[in-house]
Number of protein chains: 2
Amino acid sequence: MQPVEHPKSLNEVTADKIRNAIVEGELALGAKLSEQRLADLLGVSRSPVRDALAALQAEGLVVISPKRGSFVFTPDSHVVDELCEHRVILETAAVRLGITRNPSELTRQLAASCDAMQSALDAGDPHGYTRADHQFHNAIIESADNRALAKSYVLMISPLKALRTHLFTIMTENTDRSLSEHHLVLNAVRDKDPDRAISLLSAHVGHLAEAFRANLSTSQDGKISPATLEA
Amino acid sequence: MQPVEHPKSLNEVTADKIRNAIVEGELALGAKLSEQRLADLLGVSRSPVRDALAALQAEGLVVISPKRGSFVFTPDSHVVDELCEHRVILETAAVRLGITRNPSELTRQLAASCDAMQSALDAGDPHGYTRADHQFHNAIIESADNRALAKSYVLMISPLKALRTHLFTIMTENTDRSLSEHHLVLNAVRDKDPDRAISLLSAHVGHLAEAFRANLSTSQDGKISPATLEA
DNA sequence: AAGCACCATCTACCATGTCAGATGTTCTTG
DNA sequence: CAAGAACATCTGACATGGTAGATGGTGCTT
C-alpha cells in the first residue's frame, strides 16, 4: 500500500482551480481577479485565495498590482518569444540527457503520445490532441530525470498552455504538420541521434512561436468571454 | 527624475531578510523555522512571514511540512547534482545567446568581474570574491536578454549560493583554479567562440559540483551554528 | 464647459483569532 | 521496568477584521 495519503490543502486546490480556469480559458486574459470575489465564488476565505494568487504569480499566470487588484496575465509577443526560447533550451537539453540516460523508456513514451495524438485527430478531439501534445513534451522533460529542470519547465509552460487555449480556439494550428514533426522527433530519439532530435525540436517549437505571434498580432487583446469557476 | 519609487512591501523585505539569513549562513541548514518565532524576531506579524516562507519554498531554500514546521532546506548530493546540471544548461545556453546578441557588453562585464575577483583575492576578501563570482555568472545570464530564462536561473541559484556559504566557510575552494577558469571563459567570449565558452563553462561548474560533493560527504550535515536575524 | 478638489468605494496588505493535526512527555498498566 | 495511552504543547492552515492606498465619479469653482 502507499505510504501516506495527504489530502490536498485548501490552498492547493484553490490554486489548482484558478490555474485551471485560466489555462482552460474560463478566465479571459487580462481579466480582473479580486481576492474577495474569487473567495466568494469558490466558497473559501480570502487567505487561501491570496496564497493561490501569489503562487500563480510565480508561475507567470497572474500579475498582482499592489492595492489595485490581481489580473490574469496579458500576453506580449516579446514575452512569448522569450518563453518559447526558454522552452527550446530546456527541451533540447532534456532530450539530449534523455537519449543518454534511458532512451528506450523515452522512445516508448513518445511513441505512445504520438499514437494518442493520431487517435485524437481521427476522433476529431482537439482537446485530446492538446493533452497528448503536452504529454509528448512532458515525457522529454521527465526523461532527463532532473527535478530542478522539471520544476523550471512547469513554472514556464503554464502561460504557454494558456495561450494555446486562448489563441487557438478554432483549431487554427496546423495539426498535420505538428503531428509529423512529433513523429520526426520520435524517430530521431529512436535512432539515438540527439543532434537531429534537437534540431527538429527547435524547429517544432519555433513553428509554435510563429503561430503565437501571428495570432497575437491579429487578436491584439485576449477578449475571450469570461466565465464562472466550476466546482 | 525616475517614474515612481515604490517602497518594498513588508512581505518582500521579510522574504529578503530570511533569504539573506539563509544564504549568508546565519541560519543553519535544516534549522527549524517557526512562523511565530520569525515574526517576533523581525518585529512583524505572522502574515508576511508566512508569505515569505511560501516564496522561499518556491526558491528551494525552505521546505514546509504541514502542521509540523518550516525548515531550512537540507542539501542532498543528488539534488545538488541536479541543480548544477540545470545550472550548466541555463548558463551554456545563455552564453551562446549572449555571444550572438551583445558580445561586447558581455565581454566588458565578464572582464570587470574577473578584475573584481582578482582584487578581492589580492585583498584577501573571500566574501568579495564570492560576490564577483556571482556577478560573473549573472552577467552571462543577463546577456541572453531573456527574462524567462533569468527567472529560472534566480529560482535555481539560491540554494547553490547558500551551499557555497555553508560548505566553504574556511575557503576550501581552489580560488586560483577558479579564477583562471573564469579568465578562460572570458577569453572564449572575447573570441566569440561559443562552443569553447560552453565547454569551459561546463567544466567550471562541474568542478564546483565536485567540490560540493566532496564537502557534503565529509560534513554529512550542516551544523553551522544558528544565529539571530539582524535588523 | 473645463479643471480641480472631495468623497464613496474597491483593492490588497497586514494583524489577529481560532482550530485541527503533529509531537514530546508523563502517567498508567501489565 | 517496559509499553502504551492520555495529555500538554507546539505548529501551520484558515478565517476575519482593520487600514492605507488606488480608482472613479460628483459637484464646486472659474
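Here is how names work: the chains are called A, B, and so on, in the same order as the sequence lines, proteins then strands, and each is numbered from 1. For clarity, every value in this text was computed on a predicted model and none was experimentally measured.
With sequence neighbours left out, B:D145 forms a side-chain hydrogen bond (donor to acceptor under 3.5 Å, both in side chains) with no residue at all. Partners of B:R50 under the salt bridge (Lys or Arg N to Asp or Glu O under 4.0 Å) rule, at least two apart in sequence or in another chain, are A:D51, B:E35. Looking at residues two or more places apart in sequence or on another chain, you find a salt bridge (Lys or Arg N to Asp or Glu O under 4.0 Å) between B:R87 and B:E91. Residues that satisfy the side-chain hydrogen bond (donor to acceptor under 3.5 Å, both in side chains) test with B:D81, not counting sequence neighbours, are B:R213. Looking at residues two or more places apart in sequence or on another chain, you find a side-chain hydrogen bond (donor to acceptor under 3.5 Å, both in side chains) between A:Q135 and A:S113. Residues passing the salt bridge (Lys or Arg N to Asp or Glu O under 4.0 Å) test with B:R131: none are found, sequence neighbours excluded. B:R37 meets the salt bridge (Lys or Arg N to Asp or Glu O under 4.0 Å) test with no other residue; sequence neighbours excluded. Contacts of B:Q57 classified as side-chain hydrogen bond (donor to acceptor under 3.5 Å, both in side chains), with partners at least two apart in sequence or in another chain: none.
Here B:N11 lies in heavy-atom contact (under 4.0 Å) with sugar-phosphate atoms only. Contact annotation for B:L53: no contact, since no heavy-atom pair falls under 4.0 Å across all strands.
Not one N or O on the side chain of B:S158 forms a donor-acceptor pair closer than 3.5 Å with the backbone of B:L155.
Of the residues near DNA chain D, B:K32 and A:V44, the one whose nearest nucleotide (by heavy atom distance) lies more toward the 5' end is B:K32.
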Could you list, one pair per line, each protein nitrogen or oxygen that sits under 3.5 Å from a nitrogen or oxygen of nucleotides 16-22 of chain C, together with the distance?
residue: C:dG17; atom: O6; partner: B:R46; partner atom: NH2; Å: 2.4

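One can place CD of A:Q36 at 14 Å from C1' of C:dT9, the figure rounded to the nearest angstrom. The distance between atom CD of B:E12 and atom C1' of C:dC13, rounded to the nearest whole Å, is 12 Å. Distance, A:L33 CG to C:dT11 P: 11 Å, rounded to whole Å. Regarding A:D40, its CG atom lies at a distance of 13 Å from the P atom of C:dC10, rounded to whole Å. With rounding to whole Å, A:R37 atom CZ is found 10 Å from C:dT11 atom C1'. The interatomic distance linking B:K8 (NZ) with C:dC13 (P) rounds to 15 Å, in whole Å.
Side chain to side chain, B:H182 and B:D133 meet the donor-acceptor criterion of an N or O pair below 3.5 Å.
Bracketed by its first and final contacts, the part of DNA chain D lying under 4.0 Å from non-hydrogen atoms of chain A reaches from D:dC14 to D:dT23 in 5' to 3' order.
Against DNA chain C, the stretch residues 55-63 of chain B makes no heavy-atom approach under 4.0 Å.
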Tabulate below the donor-acceptor pairs under 3.5 Å that side-chain atoms of residues 60-69 of chain A make, not counting sequence neighbours, or state none.
residue: A:S65; atom: OG; partner: A:R68; partner atom: NH1; Å: 3.3

